[in-house]
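In what follows, residues are counted from 1 in the order of the sequence shown. Computed from a predicted structure; not experimentally measured.
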Amino acid sequence: MQNKPIGIFDSGFGGLTVFKSIIEQLPGYDYIYLGDNARAPYGNRSFKTIHEYTWECVQWMFEQGCPLVVLACNTASAKALRTIQQQDLNNVDPTKRVLGVIRPTAEIIGNYTKTKQIGVLGTKGTVQSGSYLIEIENFFPDVKVYQQACPLWVPLIENGEYDQPGADHFVKMYLDEIMAQSPDIDTILLACTHYPIIKDKIEANLPAHVKVVAQGDIVAKSLVSYLQRHPEMESRLTKNGTNQFYTTTDDTADFDHHASLFFSSPVTSTFIAANDLVKC
């Protein structure tokens with residue numbers, strides 16, 4: 001394969017919200033997107049399983065020529081990234097890089113709050129990992145962070161039920177729970193790349209003064225900065241503008257339909273069986 005694309009990985013569709021922002025910030029590069037829809041959602045799975053699935057997908061992207069892979073998935077970033085960076089890459093190819101979405105978000109999220117109180121909405125796996133509590137503490141020790149797992153949101157979004165009237169109940173339910181933890185929360189972080197799809201619903205069920213922050217632009221700007229600071233990696237990436245190569249481990253027709261909504265333009269995917277991914 002002549003192209004050396006940037007790999008973008010997610011457990012399903014959510015990473016497309018980040019991918020869209022990355023393409024806007026870094027047009028012209030070559031990209032591959034992989035959604036592991038057949039095994040989604042990742043949120044309720046164990047650390048071991050999430051690492052296994054994520055590393056299989058990352059290795060497959062390496063085989064496609066990617067020297068750099070972005071985990072556009074908070075759960076994978078929380079439960080797999082550290083092991084991949086500190087152990088797996090050394091065993092496979094220390095010159096390759098895998099980046100996540102948690103650290104770049106934590107580096108700036110404290111700048112959004114005036115009350116120094118932030119609410120973090122994520123999957124059960126992301127919340128239980130405590131990754132945002134640790135990372136935000138590192139950069140903004142004076143900011144108080146409250147977390148709320150929203151386990152029903154990803155299934156609603158992945159199954160296209162998020163725009164049904166019944167979905168409003170589950171959106172409001174979790175928002176009421178996070179705001180009940182502190183009435184002084186003035187910033188809500190969407191710590192799952194699926195959640196921007198329901199950002200309008202989230203904002204409609206929060207007090208008007210509460211700012212809702214999605215990660216797409218944050219992660220994209222961080223990637224721009226990373227490539228500027230690492231010319232040795234930037235020079236390895238090809239720039240033929242082939243950003244329409246999407247792959248899913250599930251039904252392509254279903255992926256194309258839902259992915260087009262996330263990506264805001266038509267998507268045509270190819271199929272890769274989960275059993276054919278590189279095994280750990």
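- Taking every heavy atom of both residues into account, A72 and V101 meet most closely at CA-CG1, 3.8 Å.
- Residues D184 and T115 bring no donor and acceptor atom of their side chains to less than 3.5 Å of each other.
- Residues satisfying the side-chain hydrogen bond (donor to acceptor under 3.5 Å, both in side chains) test with K172, not counting sequence neighbours, are D176.
- Note on ring orientation: taking the six-membered ring where Trp is involved, the planes of Y33 and F19 are parallel (angle under 30°, cut-offs 30° and 60°).
- Every residue two or more places apart in sequence or in another chain that forms a side-chain hydrogen bond (donor to acceptor under 3.5 Å, both in side chains) with S46 is listed here: T49.
- A pairwise comparison of heavy atoms in V267 and S260 identifies N-OG, 3.1 Å as the closest pair.
- A salt bridge links K20 with E24: the distance from a Lys NZ or Arg NE/NH1/NH2 to an Asp or Glu carboxylate oxygen falls below 4.0 Å.
- Taking D250 as the reference, N37, A38, T248 meet the side chain to side chain contact (heavy atoms under 4.5 Å, CB included) condition, with sequence neighbours excluded.
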- Query: Does the salt bridge (Lys or Arg N to Asp or Glu O under 4.0 Å) test come out yes or no for R236 and E232, once each step is laid out?
  - Reply: CA-CA 7 Å; R236 296 171 64 185; E232 76 286 354; over 6 Å; no
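- Among residues two or more places apart in sequence or in another chain, the side-chain hydrogen bond (donor to acceptor under 3.5 Å, both in side chains) test is passed with K124 by none.
- Checked against side-chain hydrogen bond (donor to acceptor under 3.5 Å, both in side chains), D217 has the following partners two or more places apart in sequence or in another chain: S21.
- A salt bridge links R39 to E56: at least one charged side-chain nitrogen sits closer than 4.0 Å to a carboxylate oxygen.
- Listed by chain and number, the residues in a side chain to side chain contact (heavy atoms under 4.5 Å, CB included) with L81 are L71, Q85, V98 (sequence neighbours excluded).
- Side-chain atoms of V154 and C192, non-hydrogen and from C-beta on, do get closer than 4.5 Å to each other.
- No donor-acceptor contact under 3.5 angstrom links the side chains of E177 and Y146, judged on distance only.
- With sequence neighbours excluded, the residues satisfying side chain to side chain contact (heavy atoms under 4.5 Å, CB included) with L156 are E161, A167, F170.
- Between Y246 and F263, the ring center distance clears the sub-6.0 Å criterion.
- By the salt bridge (Lys or Arg N to Asp or Glu O under 4.0 Å) test, E135 pairs with R103, sequence neighbours left out.
- Sequence neighbours left out, the pairs with a member in residues 218-238 that pass ring-ring contact (aromatic ring centres under 6.0 Å, His included) are Y226-H230.
- Using a cutoff of 4.0 Å between basic side-chain nitrogens and carboxylate oxygens, D142 and K116 are scored as salt-bridged.
- The side chain to side chain contact (heavy atoms under 4.5 Å, CB included) test applied to A253 returns D251, not counting sequence neighbours.
- Residue pairs meeting the ring-ring contact (aromatic ring centres under 6.0 Å, His included) criterion with at least one member in residues 113-141: none, sequence neighbours excluded.
- For the residue pair N74/Q215, the side-chain donor-acceptor check at 3.5 Å is satisfied.
- Partners of D93 according to the salt bridge (Lys or Arg N to Asp or Glu O under 4.0 Å) rule, which considers only residues two or more places apart in sequence or in another chain, are K96.
- Residue K211 places its NZ atom among 12 or fewer non-hydrogen atoms of other residues, nucleotides or ligands, all under 6.0 Å distant.
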